[in-house]
Each structure stands twice: as C-alpha cells, then as structure tokens.
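Below you'll find the structure, written out as structure tokens, and then a few comments.
Counting convention: from 1, in listed order, for ligands and their atoms alike.
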Amino acid sequence: MTREDGRSASELRPIHIEKAFLRNAHGSALVTWGHTRVLCTAMFSAGVPSFLENTDQGWLTAEYAMLPASTPQRKPRDRQRPDGRSTEIGRLIGRALRCVCDLTSIPGYTITIDCDVIDADGGTRTASITGAYVALRECEARMEAEGLLLKPLLWDGVAAVSCGIVDGETLLDLAYNEDSRADADINVVFSHSGGLIEVQGTGEKRPISSDELTVLMELATAGARQIQEIQKAALGL
Ligand code: UDP
C-alpha cells in the first residue's frame, strides 16, 4: 500500500517545533506535525488543589481543546465544559508530564499546560504531549530564573507518537485519512530514557494479536527516538 503522502510505513510526517512562540506565556511551543498544528503553553501560578494544600509538593495539570476551525466541520467552542474526548486527552497530557516531574521542587505552585489544536489532521494528542514537554522546559527555566525552584523539576523528557494498522499494514504516525479507517490505533508515550509512560491502544475494527502489538511498539520506539532529537534541537540541547 502506498500512503497518500508518499511516506514509508516507518516514516514520520515532517515535524517542526518552535519554542518560545508566545511573548506572555512562561513556556510555549508551536508544533507543526505534517498538517496537524498545536499550540502548547505552560504557565505557573501560586496555589495548589485542595488535596495538596499544606504538603511539600506542587501540581501540574493540563487542558486540551480544538479550535472551531481546526476540523473540516466547525467544532463548537467548549463554553460550558470540555467534551469527554478533550477531558480524556487533557488528563493524558497531565499524567504524561507529571510522570517525569519532581513536584516537590515547586511546593505551593501549579503549572497549567494548555494545548490548543489549531489544525487537526490526526495525532493531535501525541503532538500535544510532545510540544507540551518543550513548553514545560521553558517554564521550568523561567521558574528557576525567578528563584522559585527548590531543585530541578524535570528529570527526564517525554515524547509521544501514534501508530496503527491500516489495510493490514503496520504504520507509524497515522494521518487523519489513515486513522479514520484504521483496524487498530495506538498512542504511545515514552520517556527520553526509553521507558514507557502510557500506551493507549484500541482494536477499532478487530482485535489485534500480540505479535502485531510487538511490531507496532517497535515502530513507535524508533519514531519516538527521532522525535526526541527534534525536541532537543528546539530546546537548543
Ligand atoms: N477529529 C475531528 N473532529 C473531532 C475529533 C477528531 O475532525 O471532534 C479528527 C482530527 O483530525 C483528529 C483525528 O480525527 O486529529 C483523530 O482523532 P483522535 O480522537 O483519534 O485523536 P488524535 O489522533 O488527534 O490524537
């Protein structure tokens, strides 16, 4: 099968990350991932959720949204509260980043990550996590410069990528035209040191075998290694 955009099965879409995209944000990154584009920001503020009051740790939380014209049919704004999908993705982004944070470095503070999809073509959650890590690094540096960090916040990096099975073929990094007809669709979050942070996988049209899962995880692992290099380049590391 040839992919509509001419990629090989194990090829990522072109990915570009522009750090410090916004002037007012404590950290920001504009991620361009093929035709998908997500603006990720990180802002710190004093205060923690009530369950962390009077403890030695701060908090990190995340929200995700798609702008109205990010999809072919206008998506109404979440005026009341986010839909189930956006809530689920926001929680995924927060969990992924908390996994590599030492929250005892920011007692009394909350960092809020916002990921806003400006153009959607599949893989928006993995682009969000990947960009949010870059924005969070910038936010960490800002907090350090302001004397607010007791010790380093991030002790590892985070990168995420999707893969799936389309027409019987295992493919890395599904675009929407592939995702929408995939037999199986898996999103994998890795630490830069190579550990697994989260695997979200679904046999959409049929159950998948553990052999297929092994091949998908190999594709994702190789993809994530390339993505971390792009993140490091964006961060000047
Ligand atoms: N999508 C859409 N409208 C929606 C939700 C999704 O057009 O309300 C499209 C969009 O291109 C998105 C893709 O479907 O990137 C795949 O959505 P999925 O829920 O699998 O998440 P993603 O792959 O973006 O993380």
Taking NZ, NE, NH1 and NH2 as the nitrogens, is one of them in Arg181 or Asp167 under 4.0 Å from a carboxylate oxygen of the other?
yes
What verdict does the salt bridge (Lys or Arg N to Asp or Glu O under 4.0 Å) test give for Glu178 and Arg7, after you've listed the backbone C-alpha separation in whole Å, the side-chain angles of each residue and the deciding distance to 0.1 Å?
CA-CA 12 Å; Glu178 298 167 331; Arg7 282 183 291 152; 3.5 Å; yes
Steps toward side-chain hydrogen bond (donor to acceptor under 3.5 Å, both in side chains) verdict (Asp173, Trp33):
CA-CA 10 Å; Asp173 185 20; Trp33 191 312; 3.0 Å; yes
Closest non-hydrogen protein atom to [atom], residue and atom name please, with distance?
atom	answer
atom 8 (O) of ligand 1	Lys75 NZ, 3.4 Å
atom 3 (N) of ligand 1	Thr71 CG2, 3.5 Å
atom 11 (O) of ligand 1	Gly122 N, 3.3 Å
atom 13 (C) of ligand 1	Tyr176 CD1, 3.5 Å
atom 4 (C) of ligand 1	Met66 SD, 4.0 Å
atom 10 (C) of ligand 1	Ala120 CB, 3.7 Å
atom 20 (O) of ligand 1	Asp179 OD2, 3.4 Å
atom 19 (O) of ligand 1	Arg85 NE, 2.7 Å

Selection residues 194-205 - residue pairs positive for salt bridge (charged side-chain N to carboxylate O under 4.0 Å, His left out), sequence neighbours left out:
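Non-adjacent pairs meeting salt bridge (charged side-chain N to carboxylate O under 4.0 Å, His left out): Arg95-Glu198.
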Below the 3.5 angstrom mark, is there an N/O of [X], backbone or side chain, next to an N/O of ligand 1?
X	result
Arg125	yes
Asn187	no
Gly123	yes

Does either side chain, that of Thr214 or that of Asp211, offer a donor lying less than 3.5 Å from an acceptor on the other one?
no
Using only heavy-atom distances, determine whether the side chains of Gln200 and Arg125 contain a donor-acceptor pair under 3.5 Å.
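There is such a pair (donor and acceptor under 3.5 Å, judged by atom type) between the side chains of Gln200 and Arg125.
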Hey, do the aromatic rings of Trp59 and Phe51 have their centres closer than 6.0 Å?
yes
Side-chain touch Leu196/Met217, heavy atoms, less than 4.5 angstrom
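Counting from C-beta outward, Leu196 and Met217 do come under 4.5 Å.
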For Thr124, counting its heavy atoms only, list the atoms of ligand 1 lying under 4.0 Å from any of them.
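Heavy-atom distances to Thr124 below 4.0 Å select 15 (O), 22 (P), 23 (O), 24 (O), 25 (O).
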Tyr64 and Arg85: CA distance, side-chain angles, deciding distance, side-chain hydrogen bond (donor to acceptor under 3.5 Å, both in side chains) verdict:
CA-CA 9 Å; Tyr64 165 100; Arg85 175 179 175 277; 3.2 Å; yes
Under a 4.0 Å heavy-atom limit, does Asp121 contact ligand 1 with its side chain, its backbone, both, or neither?
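It is the backbone that gets close, since no side chain atom is under 4.0 Å.
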